Amino acid sequence: MANKKSYWLMKSEPHECSIDDALAASNATVPWTGVRNYQARNFMWRQMRVGDGVLFYHSSCPEPGVAGIAEVASTPYPDPTQFDRHSKYFDASARPEEPRWWMVDVKALAKTRLIGIGELRAAAALTDMTILRRGNRLSITPVTADQWRHITTRLARSG
DNA sequence: GCCAACGTTGGC
DNA sequence: GCCAACGTTGGC
């Protein structure tokens, strides 16, 4: 039996990479570089599979919320910026023979209407979403199949 | 700009 | 291994 598809929410600051930027990229695919949190890294490194569903979330902006649909588009590979002395993501203690930070590529599939964080909080079916938990700061969080279905259905209804 | 929450660091 | 200090995240 094929591996079951998983779902994720991935935060991006739109002034760095918005859903429009991702859709405009070559093959609508962007490298999810710069993650420097072990929990978020582990999701990409150990759990994501090509084809997993991704909610593309805009954060640290005037209207935070789900802004598009995407999918995992590569297997994990070492984030090259950890070895780039000129990158703000440079990690002096990362060794090429044993990379510390791993990443995937993400392919944008569609821009959607914005489902703001207020609308997410107001949906009874979504109260357990990790992103809505008090004090949550993780940039990558798992989404359950039920939560995914609720959100994509909501988007389908509203165009 | 505020500040709650949380991860990381480093002295002990 | 404890834990206080510090830095960062991110909604408001």
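Since the model is a prediction, treat every value here as computed from it, not as a measurement. In what follows, every chain begins at residue 1, and chains take the letters A, B, ... in the order their sequences are listed. The figures here come from the full heavy-atom set of this structure, side chains too, leaving out hydrogens, waters and symmetry mates.
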By the ring pair (Phe, Tyr, Trp, His ring centres under 6.0 Å) test, which pairs, at least two apart or in different chains, include something from residues 66-94 of chain A?
none
Going by salt bridge (charged side-chain N to carboxylate O under 4.0 Å, His left out), name the pairs with one or both residues in residues 31-58 of chain A, residues two or more places apart or in two chains.
A:Arg36-A:Asp79
Please write out which residues are connected to A:Val50 in a hydrophobic cluster, directly or through intermediates, given that two of Ile, Leu, Val, Met, Phe, Trp, Tyr count as joined at side-chain heavy-atom separations below 4.5 angstrom.
none
Can you list everything that forms a ring pair (Phe, Tyr, Trp, His ring centres under 6.0 Å) with A:Tyr57? Sequence neighbours excluded, please.
none
Under the side chain to side chain donor-acceptor pair (under 3.5 Å) test, which residues partner A:Asn37, sequence neighbours left out?
none
Using the heavy-atom set of chain A and a strict 4.0 Å cut-off, write down the first and last nucleotide of DNA chain B that makes it in, 5' to 3'.
B:dA4 to B:dT8
Table please: side-chain donor-acceptor pairs of residues 18-27 of chain A below 3.5 Å, with sequence neighbours left out.
residue: A:Ser18; atom: OG; partner: A:Asp20; partner atom: N; Å: 3.3
residue: A:Ser18; atom: OG; partner: A:Asp21; partner atom: N; Å: 3.0
residue: A:Ser18; atom: OG; partner: A:Asp21; partner atom: OD2; Å: 3.2
residue: A:Asp20; atom: OD1; partner: A:Lys111; partner atom: NZ; Å: 3.3
residue: A:Asp20; atom: OD2; partner: A:Lys111; partner atom: NZ; Å: 3.0
residue: A:Asp21; atom: OD2; partner: A:Ser18; partner atom: N; Å: 2.9
residue: A:Asn27; atom: OD1; partner: A:Lys107; partner atom: NZ; Å: 3.3

Could you give all pairs that pass the ring pair (Phe, Tyr, Trp, His ring centres under 6.0 Å) test and reach residues 100-142 of chain A, with sequence neighbours left out?
A:Tyr38-A:Trp101, A:Trp45-A:Trp102
Got a sec? Which of residues 122-137 of chain A come in under 4.0 Å of DNA chain B, heavy atoms?
A:Arg134, A:Gly135, A:Arg137
